[in-house]
Amino acid sequence: MECVRCDEESVVHQRYSGLHLCQAHFLEDVERKVRREIRSYGVDGDIVVGLSGGKDSAAALHLLVDVFGEWRDVEVRAVCVHEGISPYRDRGVEAARVSAEAAGIELEVVRMDEELGISMEEVDGNELTTCGYCGVFRRRVLNDAALEMGADWLATGHNLDDEAQTVLMNVLRGDGFRLSVQGGVPERISGLVPRIKPLRRVPEREVALYVRLRGLRAVTEECPFAESSFRSSVRDLLNGLESARPGTKYSVASLPASLNVDAGKASLGSCERCGHPSGSSTCPACRHLESVGAT
Ligand code: SF4
């Protein structure tokens with residue numbers, strides 16, 4: 001099939017937009033979506049990118065370096081959290097190092113056991129799935145590392161699929177608070193580095209294609225715990241809906257932006273144990289650290 005913008009052969013068919021695009025116009029389309037997303041945050045100052053070694057964060061890093069490489073007042077650096085899942089994350093850290101080196105930026109590696117006193121290999125709780133604990137702990141370590149590095153923004157590799165899954169997971173859990181703080185431009189709250197997601201309008205399969213076409217290094221191996229997570233069931237559900245009704249992921253991911261976010265943000269206080277910003281009296285990290293006996 002021919003590209004809708006030139007005579008070249010297309011490399012992708014975007015069913016949600018109806019467009020067939022060749023390699024050059026596909027790369028341009030991804031870069032345009034990322035630039036628009038970055039503009040919507042009004043980014044300035046230093047950005048720390050959370051690298052996992054996977055394709056999404058590798059793409060986010062290279063796109064941010066492309067966008068901000070020439071800006072004198074923006075510095076891009078990276079951090080990788082090793083949560084203790086070996087050998088899976090050892091390979092991720094190695095890929096993150098290669099990625100950072102290729103982009104010519106500094107990489108910090110932080111270990112969850114050194115930051116929180118426990119690694120995921122030692123977590124033995126029964127209140128949540130492994131991902132339930134790991135997600136909360138990884139977010140805390142990532143935030144604190146970015147704070148320590150003096151970052152103004154923390155960029156992650158979340159793509160459209162991740163974003164739509166998170167919205168639907170919050171809906172299915174009946175978690176209006178998390179849903180309300182998911183949309184819009186992140187507020188500056190002391191102790192929290194505002195997060196940006198440059199790829200949140202780019203579908204996962206297009207991020208994978210972008211990484212392949214740009215020849216970026218990324219591990220393809222999935223975490224051994226990913227398949228048993230709630231997110232995995234929601235991913236399958238959304239993939240089925242997207243296939244029957246193209247554009248569903250965009251619609252679901254757009255839901256938080258249409259809600260009244262001020263109501264949720266107004267109730268953000270501080271954790272009474274660690275002082276971290278929290279929507280409840282004890283933050284999720286302290287609650288879960290206690291439940292696995294790490295306090
Ligand atoms: Fe942690 Fe789950 Fe991600 Fe594995 S898939 S790194 S357990 S959050």
Side-chain angles (χ1 to χ4, degrees), residues 48-61 78-97 99 107-146 154-170 172-173 175 178 182 195 197 199-200 204-205 207-208 211 217-239 283-289 291-294:
V48 166
V49 185
L51 281 185
S52 66
K55 66 182 185 322
D56 303 299
S57 54
L61 175 71
V79 62
C80 182
V81 177
H82 196 316
E83 70 292 279
I85 303 174
S86 289
Y88 160 72
R89 187 64 68 193
D90 303 325
R91 292 193 270 267
V93 170
E94 184 46 35
R97 282 194 206 285
S99 234
L107 173 74
E108 188 88 29
V109 179
V110 286
R111 299 193 59 94
M112 189 186 285
D113 53 356
E114 287 169 11
E115 303 302 317
L116 297 183
I118 191 165
S119 80
M120 284 311 297
E121 273 166 349
E122 298 160 320
V123 168
D124 183 22
N126 50 18
E127 284 181 21
L128 301 173
T129 60
T130 304
C131 286
Y133 289 112
C134 183
V136 170
F137 297 158
R138 278 183 61 85
R139 271 195 298 280
R140 169 59 66 88
V141 175
L142 199 53
N143 178 75
D144 291 354
L154 173 58
T156 60
H158 292 91
N159 57 47
L160 174 71
D161 294 50
D162 298 321
E163 199 66 358
Q165 288 157 18
T166 305
V167 170
L168 195 50
M169 285 161 71
N170 287 332
L172 295 172
R173 287 182 180 127
D175 194 335
R178 287 215 197 159
Q182 204 185 330
R195 287 189 173 217
K197 301 172 185 171
L199 296 170
R200 80 169 164 186
E204 180 169 17
R205 66 183 279 265
V207 177
V211 165
R217 164 82 184 268
V219 288
T220 51
E221 169 187 1
E222 270 221 330
C223 171
F225 298 107
E227 214 33 58
S228 57
S229 66
F230 180 36
R231 181 175 289 275
S232 171
S233 313
V234 171
R235 179 183 59 198
D236 293 345
L237 177 65
L238 271 169
N239 283 345
C283 72
C286 286
R287 249 188 351 258
H288 298 323
L289 283 170
S291 77
V292 297

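Note that ligands are numbered from 1 as they come in the structure, with each ligand's atoms numbered from 1 the same way. Note that the numbering runs from 1 along the sequence shown for the chain.
In this structure, S99 contributes its side chain and A96 its backbone to no donor-acceptor pair below 3.5 Å. Judged purely by atom type and a 3.5 angstrom limit, R138 uses its side chain to pair as donor or acceptor with the backbone of V81. Of the possible polar contacts, none joining the Y133 side chain to the D124 backbone as a donor-acceptor pair under 3.5 Å is found.
Nearby protein atoms of type N, O or S around atom 2 (Fe) of ligand 1 amount to 1 (distance under 2.8 Å).
Residue E222 does not touch ligand 1, judged by heavy-atom distances below 4.0 Å. Under 4.0 Å from ligand 1, the heavy atoms of R89 that appear belong solely to its side chain.
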**OP:** Mind running side-chain contact (heavy atoms from CB on, under 4.5 Å) on V109 and R97 for me, showing each step along the way?
**Re:** CA-CA 9 Å; V109 179; R97 282 194 206 285; 3.9 Å; yes

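For S233, the side chain to side chain contact (heavy atoms under 4.5 Å, CB included) criterion is met by no residue, not counting sequence neighbours. Remark: D175 engages N170, R173, F177, R178 in a side chain to side chain contact (heavy atoms under 4.5 Å, CB included) (not counting sequence neighbours).
No more than 12 heavy atoms of other residues, nucleotides or ligands sit less than 6.0 Å from atom CD of E227.
Distances below 4.0 Å separate heavy atoms of E83 from the following atoms of ligand 1: 6 (S). In the vicinity of I85, heavy-atom distances shorter than 4.0 Å reach the ligand 1 atoms 4 (Fe), 7 (S).
Among residues at least two apart or in separate chains, side-chain hydrogen bond (donor to acceptor under 3.5 Å, both in side chains) pairs with a member in residues 50-60 are S52-S57, K55-E204, D56-N159.
There is no protein heavy atom closer than 4.0 angstrom to atom 3 (Fe) of ligand 1.
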